[in-house]
Asks: 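Right, I'll just put the structure down here and ask away after.
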Amino acid sequence: MKDQAKIIAALLVGAAAGAALGLLLAPEKGGDLRDDIADYINDLVDTAKTKAQTTANNVKQYSNDAIESAKAKFNGTVSDLYDYKDDAIDTARSKAKAAADRAQAVAEDFADDAKAKVKTTANNWNNSIQNA
């Protein structure tokens with residue numbers, strides 16, 4: 001791969017040198033030649049500026065897209081956490097209410113049983129006293 005890069009670089013340098021020699025040895029007036037060289041250099045500079053601006057714009061767009069993607073993922077994660085929190089709270093509330101309802105039912109049954117036993121005991125004593 002390094003050999004290919006060296007060959008390509010040598011070809012480009014040779015092409016540039018050939019173009020420069022061609023311009024210098026062409027049968028034109030000195031002023032025309034200088035104008036042609038200046039135009040060529042200006043075209044190269046303009047092309048380089050355009051490519052640099054395009055690359056800068058592409059990098060800026062890529063970074064903006066990456067930031068927006070990260071924000072979207074973060075916001076989605078936060079939203080998921082809020083949903084999970086709400087679901088967990090709802091589940092805990094329903095389980096606590098169910099446990100409280102069961103405890104209340106057991107307590108009411110116990111109280112009813114205790115009342116019935118007290119009433120039975122009171123009736124038995126009352127009958128014992130009256131029969132004595």
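Excluded from the calculations below are hydrogen atoms, water molecules and symmetry mates; all remaining heavy atoms, backbone and side chain alike, are included. In this chain, residues are counted from 1 in sequence order.
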Asks: In terms of side-chain geometry, is the basic nitrogen of Asp113 or Lys117 positioned less than 4.0 Å from the acidic oxygen of its partner?
Replies: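 Salt bridge flag = no for Lys117 with Asp113.
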Asks: Rounded to the nearest 0.5 Å, how far does CD of Glu108 lie from CG of Asp112?
Replies: 7.0 Å
Asks: Would you compute the distance between atom CG of Asp46 and atom CD1 of Ile41 and round it to the nearest 0.5 angstrom?
Replies: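 These two atoms lie 11.5 Å from each other.
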Asks: Starting at CG of Asn58, measure out to CD of Gln61 and round the result to the nearest 0.5 Å.
Replies: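 Between Asn58 CG and Gln61 CD, I get 8.5 Å after rounding to 0.5 Å.
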Asks: Could you walk me through whether Glu68 and Asn64 pass side-chain hydrogen bond (donor to acceptor under 3.5 Å, both in side chains), step by step?
Replies: CA-CA 6 Å; Glu68 290 302 319; Asn64 287 338; over 6 Å; no
Asks: Within the side chain of Ser69, is there an N or O that forms a donor-acceptor pair under 3.5 Å with the backbone of Asp65?
Replies: no
